[in-house]
Trainee: 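Could you have a look at this structure, given as structure tokens, before my questions?
Protein chains get the first letters and strands the later ones, always in sequence-line order, with residue 1 at the start of each.
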Number of protein chains: 2
Amino acid sequence: MGSSIAIINRSLHDQVASRIRDLIIEGSLEPGSRIDELQMLEELGVSRTPFREALRTLAAEGLVIVRPSKGSIVRKLTQEDVFSMLEVLGSLEKLAGELACERASDKEVEAMVQLHESMMECYRTQDRMPYYKMNQEFHSRLAELSKNETLQEMQSNIQARLKRIRYIGSQTPESWAGAVADHEEMILALKGRDATRLGQAMVAHLKKTWDRVKDGI
Amino acid sequence: MGSSIAIINRSLHDQVASRIRDLIIEGSLEPGSRIDELQMLEELGVSRTPFREALRTLAAEGLVIVRPSKGSIVRKLTQEDVFSMLEVLGSLEKLAGELACERASDKEVEAMVQLHESMMECYRTQDRMPYYKMNQEFHSRLAELSKNETLQEMQSNIQARLKRIRYIGSQTPESWAGAVADHEEMILALKGRDATRLGQAMVAHLKKTWDRVKDGI
DNA sequence: AGTTTGGCTTTTGAATACAATATCCAAAAT
DNA sequence: ATTTTGGATATTGTATTCAAAAGCCAAACT
């Protein structure tokens with residue numbers, strides 16, 4: 001995602017925003033901690049203007065909170081926050097699934113099946129990292145198949161906020177197996193163009209995600 | 001919303017963002033047109049730094065588009081954009097309605113009924129403007145009753161993007177009557193705590209909104 | 001001893017200055 | 001005549017500077 005050609009054409013504050021996003025997701029910037037401008041500026045090698053513009057973007061995305069005259073902090077997600085996000089994400093992905101059944105081309109469905117196969121292969125060999133990445137891809141792609149840009153945007157926003165949680169949310173072998181079974185069901189529903197079934201599968205999947213994650217917050 | 005005490009404690013860029021938002025909604029800034037920084041700065045009486053920070057916020061909210069080195073434009077909504085927004089909004093408000101039936105207190109439900117009565121009064125006297133404002137309020141409040149902050153945030157974001165459309169989307173006498181009937185149904189469902197019924201009412205309402213608005217884009 | 005106040009330091013917010021990029025127009029070449 | 005290129009101008013992007021606010025510590029007072 002994001003070829004090098006695109007990067008050179010992106011303005012500095014966008015690059016800065018991406019870097020900070022990464023720092024937040026990988027956990028270098030701890031939730032709740034103040035973001036030290038001076039230190040950050042040194043590390044990133046930019047001046048305050050693009051940095052602060054980046055902060056504004058991240059604030060609008062819900063990743064950081066800027067407290068006037070008191071500095072910015074990395075947003076800390078409470079259990080309630082995460083629950084509410086998963087509740088909404090469930091509803092959005094349900095819609096995505098239903099629409100995908102109606103609007104995706106056979107070719108696109110086939111591509112999803114392919115992706116699923118690759119994931120299954122990773123599961124068999126217990127390759128966590130590639131599985132994790134493909135899983136993100138799977139859900140993004142499903143949103144794409146809805147052919148609804150707003151839906152994609154909202155889904156990707158929530159995904160971004162939850163990324164860190166899910167990343168650390170290391171699944172147990174059992175929960176991983178459960179997730180794989182869920183995906184199996186999704187693929188079957190999608191292949192059969194059964195909108196209701198896929199919608200239900202999405203909601204169920206997100207509910208389980210909550211069960212899996214809630215104690216680690 | 002937003003007392004004067006709060007306003008004086010808000011940083012400049014936030015105030016600027018609000019002002020620009022208003023200009024976009026009321027139509028002073030035409031969709032698709034370039035936002036002339038120099039001219040804007042004069043009008044608003046601020047310097048470029050807070051102004052550009054405000055632009056970043058608005059960009060993240062989806063109201064403007066910043067094209068690197070080529071200036072910012074007010075986002076122009078295509079029919080597809082509006083359709084996709086209403087489709088998502090329908091899904092979100094459906095969820096909001098369902099959750100509200102489960103989670104709202106009797107007092108809160110009563111307050112909604114009151115608001116509905118006020119709207120009916122405006123309808124009887126054909127007071128468009130107050131009705132329009134209360135209608136916004138009605139939908140925001142329903143989202144609040146869901147007790148889901150993410151849901152509220154997402155709904156309010158889409159509402160903001162659509163505001164101008166709905167504002168100009170001058171309803172005919174018939175469509176107004178239809179909207180009133182929809183609201184009657186919503187209130188009945190909410191009073192009866194019938195989640196399914198309210199959910200369906202919300203989806204139906206948003207579908208009609210599309211029919212009413214689509215030709216005016 | 002504890003609390004309050006005054007001023008110093010650090011940090012954030014806004015304005016200005018400087019640099020880079022794009023746009024536009026005219027002149028030259030095909 | 002049309003296209004292309006060079007440079008002047010306007011506009012945007014970034015850095016720096018200046019101002020204001022918040023945090024901190026010590027001294028004085030209760």
Trainee: Please name the pair of heavy atoms, one in B:Arg10 and one in B:Ser18, separated by the smallest distance, quoted to 0.1 Å.
Mentor: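 Between these two residues, the closest heavy atoms are NH2-OG, 3.5 Å.
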Trainee: Which nucleotide in the list D:dG23, C:dA14, D:dT16 gets nearest to the side chain of B:Pro50?
Mentor: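 Given the options D:dG23, C:dA14, D:dT16, the side chain of B:Pro50 is closest to C:dA14.
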Trainee: Quickly work out the A:Glu42 CD to D:dA15 C1' distance and round it to whole Å.
Mentor: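 Nearest whole value for this atom pair: 15 Å.
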Trainee: If the plane angle is over 60° it's perpendicular, under 30° parallel, otherwise tilted; pick one for B:His205 and B:His139.
Mentor: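 Ring orientation of B:His205 relative to B:His139: parallel.
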Trainee: Could you pull out the closest heavy-atom pair between B:Asp36 and B:Leu38, with the gap in Å?
Mentor: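 In this case the closest contact between B:Asp36 and B:Leu38 is OD1-N, 3.1 Å.
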Trainee: Using atom CG of A:Leu12 as one end and atom C1' of D:dT12 as the other, report the distance to the nearest whole Å.
Mentor: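 One finds 14 Å between C1' of D:dT12 and CG of A:Leu12, rounded.
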Trainee: Which residues in residues 31-40 of chain B have at least one heavy atom lying under 4.0 Å from any atom of DNA chain C?
Mentor: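 Output list: empty, so none.
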Trainee: Testing the basics here: between B:Ser91 and A:Leu95, what is the closest heavy-atom pair and its distance to 0.1 Å?
Mentor: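 Residues B:Ser91 and A:Leu95, closest heavy atoms: CB-CD2, 3.7 Å.
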Trainee: Rounding to a whole Å, what distance do you find between B:Phe51:CZ and D:dT14:C1'?
Mentor: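 It is 17 Å, rounded to the nearest whole Å.
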Trainee: Expressed in angstrom and rounded to an integer, what is the separation of B:Leu41 atom CG from C:dA14 atom P?
Mentor: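 Whole-Å distance recorded here is 14 Å.
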Trainee: Using a cut-off of strictly less than 4.0 Å, decide whether B:Lys70 has a side-chain nitrogen or oxygen near OP1 or OP2 of D:dT12.
Mentor: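 For B:Lys70, the contact criterion (side-chain N or O under 4.0 Å from OP1 or OP2 of D:dT12) is not met.
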Trainee: Quick check against the 3.5 Å criterion: does A:Thr125 have a side-chain atom that pairs as donor or acceptor with the backbone of A:Glu121?
Mentor: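 Present.
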Trainee: Would the distance check show the side chain of A:Asp81 and the main-chain N or O of A:Thr78 forming a donor-acceptor pair, the cut-off being under 3.5 Å?
Mentor: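 Side chain of A:Asp81 to backbone of A:Thr78: a pair is present.
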Trainee: Between D:dG23 atom C1' and A:Arg67 atom CZ, what is the distance in whole Å?
Mentor: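 So the two atoms are 12 Å apart, to the nearest Å.
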Trainee: What's the CZ-C1' distance between A:Arg56 and C:dT12, to the nearest Å?
Mentor: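 Computing the A:Arg56:CZ to C:dT12:C1' distance gives 11 Å.
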Trainee: Would the distance check show the side chain of A:Gln79 and the main-chain N or O of A:Lys214 forming a donor-acceptor pair, the cut-off being under 3.5 Å?
Mentor: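 Pair found, side chain donor or acceptor close to backbone of A:Lys214.
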Trainee: Let's see if you can work this out: which of D:dT14, C:dA14, D:dA22 has an atom nearest to the side-chain heavy atoms of A:Ser69?
Mentor: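 In terms of side-chain proximity for A:Ser69, the closest of D:dT14, C:dA14, D:dA22 is D:dA22.
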Trainee: Can you tell me the distance, in whole Å, between the NE2 atom of B:His13 and the C1' atom of C:dA15?
Mentor: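 Distance check: B:His13 NE2 to C:dA15 C1' gives 16 Å.
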Trainee: Which nucleotide sits closest to the side chain of A:Ser47: D:dT16, C:dT16, D:dG23?
Mentor: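 Nearest listed nucleotide: D:dT16.
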Trainee: Select one nucleotide: of C:dA14, D:dA15, C:dA17, the one nearest the side-chain heavy atoms of A:Arg48.
Mentor: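 Of the options given, the side chain of A:Arg48 lies nearest C:dA14.
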